[in-house]
Amino acid sequence: MDARAVEFACSPKRAPTFVRGSGATLWDDAGTEYIDCGASFGVGNLGHCHPEIVAAITEQAGELIHVGPTFGTDAKAEFTRRLLSVAPRNLRRVFLSNSGSEAVEAAIKFARAATGRKKVVAAMRGFHGRTMGALSATWRREFREPFEPLVPGFGHVPFNDVDALRKAVDADTAAVILEAVQGEGGVHVASPEYLPAAREICDASGALLILDEVQTGMGRTGRMFAIERWAVEPDIVTLAKSLAGGVPIGATLTTEAVEERFQGSHNSTFGGNALACAAGTAALEVTVRDRLWERAERLGTEAMEELRGLGAPSVREVRGLGLIIGIELRGKAAPVLQALQEDRVIAIGGGSSVVRLLPPLVIPEAQWSFAIDALGRALRDG
Ligand SMILES: *Cc1c(COP(=O)(O)O)cnc(C)c1O
C-alpha cells in the first residue's frame, strides 16, 4: 500500500501495524500484544472479533450481502425491530447508513426538511463528523478551516451554558445538535440541567433536538443510551461506531412526527445492507443479554475513583460516564499516550491535553486493572 495514502487518517508517530484482534487484545506484525483501551474511538464495545459477530457475518455472507435500499431483507427487518426494542420509546423510525457522519448528515437533512427552517445550533468542543454537513456542526478549527466555506446556517454556543443556548435558538432554528458526553472534545459531560433545558428551549421555538450518540451509545456510558440519564426525549438520535460490533453502520432514529413532516428525499445505496444488519442484530443481542452497560458503569466508576485517588500533580481533572473516561492533564497528552504504548496499552487523545479511555465493555478485569496501573505510572512519571 502507498504509505502516504494512510497518513491523512493516522496521526500517531510510530503507530503499530495490527494483524489480529480478540477481545481487548491486539497483536502487531511483530507478534507484540497490546491492550486496546481506545476501541477504535468507541467502535469496539464488544472487543475485537467477538465470536457471535464473526458467526453472524459469516452466515449472512453466505446468504445475501446486499440488495438496494428500496428492497426489504430479513436481516434489515430483524435489525430494525431489535434496535427499536431498545431505543428511546418516542423514536419509532430508523434510517440506516454506513457511518456516524452519514447518520448526522441525515439528521440535519431531516431537521431542515421537516421544519422548513435553516439554522442549526451546535456546541463548542462538539464533534459530529467530517463530511461537509457534519463538519459544519463540528467545532474544532483545525478540522474546519481548510475546507471552508462550509454549509451556511450553523452556529456554536458554549456547552452547558443554558442562557447562551436560549439566546441562539430562534424562529429559524431547525435543530439543536448536542452530545450528552462530548467525546472527541475531551470527555465533557452535560450537566443535569443542560439537556432538559435544551429540550424546553427547542419546544418553545419549534426546533428539533438532535442527540448525537455515535460515541456514547450502545452501553458505553453505563446505560444503553446516555440520554436515559437525563430523562429527555430527543426528536432525533444518531448512532454508529459500535452499533454493529465493528462493521460499518450508521443509524438515524426519529419520531413519527418528524417523518410525517419530512418533505424531500434521502437515501443511501449501502445503508441497511444485510451484512451490517446481521452484525448489528448480533451486537444488540450480546449487549442486552450480557447487560454490558452495567459492566461499563462498574468498571468505569471504579477506575475513575482509582485515578482520582492517585492525586497525581500532572492531572487537572478526571471525568467521564461509564467507560468513556477523560483524564485532563496540566500538560500535553501525547507523552502519556506514548508511555502507555510502550507499556503495550493503547489509549487515545481528546484534544491536546486529555487522555481518553474507551475500552471494550467486555475487557477482562485483569487487563483493565493492568491498563489503569500503567496509566497511573505514566501519570506519576509525567
Ligand atoms: C465519531 C463520531 C462521529 C463521526 O462518525 P464517523 O463514523 O467517523 O463518520 C459523529 N459524532 C460523534 C459524536 C462521534 O464520536
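In listed order, ligands and their atoms are each counted from 1. Computed from a predicted structure; not experimentally measured. Numbers here are sequence positions counted from 1.
Only the side chain of Lys241 comes within 4.0 Å of ligand 1, judged by heavy-atom distances. Using a 4.0 Å cut-off between heavy atoms, Ala240 makes no contact with ligand 1 at all. Looking at Glu179 against ligand 1, only its side chain comes within 4.0 Å, counting heavy atoms.
Which parts of ligand 1 touch Gly100 is read off a 4.0 Å heavy-atom cut-off, strictly below it: atoms 4 (C), 5 (O), 6 (P), 7 (O), 9 (O). Of all atoms in ligand 1, listed by their number and element, those nearer than 4.0 Å to a heavy atom of Gly129 are 4 (C), 10 (C). With ligand atoms numbered from 1 in the order given, ligand 1 contributes 7 (O), 9 (O) to contacts under 4.0 Å with heavy atoms of Ser99. Counting atoms of ligand 1 from 1 in the listed order, those under 4.0 Å from a heavy atom of Gln215 are 15 (O). Atoms of ligand 1 found under 4.0 Å from any heavy atom of Asp212 (numbered from 1 in listed order, with element): 10 (C), 11 (N), 12 (C), 13 (C).
At least one N or O atom of Ser101, backbone or side chain, sits closer than 3.5 Å to an N or O atom of ligand 1.
At a threshold of 4.0 Å, the pair Asp235-Arg199 counts as salt-bridged, since one of the basic side-chain nitrogens sits closer than that to a carboxylate oxygen. In summary, Arg82 and Glu285 engage in a salt bridge, as defined by a charged side-chain N under 4.0 Å from a carboxylate O. With respect to the salt-bridge test (charged N to carboxylate O, under 4.0 angstrom), the residues Arg93 and Glu256 qualify. In summary, Glu52 and Arg289 engage in a salt bridge, as defined by a charged side-chain N under 4.0 Å from a carboxylate O.
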Worked verdict on Glu297 versus Arg223 for salt bridge (charged side-chain N to carboxylate O under 4.0 Å, His left out)
CA-CA 8 Å; Glu297 170 104 344; Arg223 299 285 187 279; 3.7 Å; yes
Start with the C-alpha distance between Asn98 and Ser268, add both sets of side-chain angles, then the distance that settles side chain to side chain donor-acceptor pair (under 3.5 Å), and finish with yes or no.
-> CA-CA 8 Å; Asn98 311 286; Ser268 159; 3.2 Å; yes
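Using modelled atom types, one finds no donor on one side chain facing an acceptor on the other under 3.5 Å when comparing Thr131 with Glu102.
By the 4.0 Å heavy-atom criterion, Phe127 is counted among the residues contacting ligand 1.
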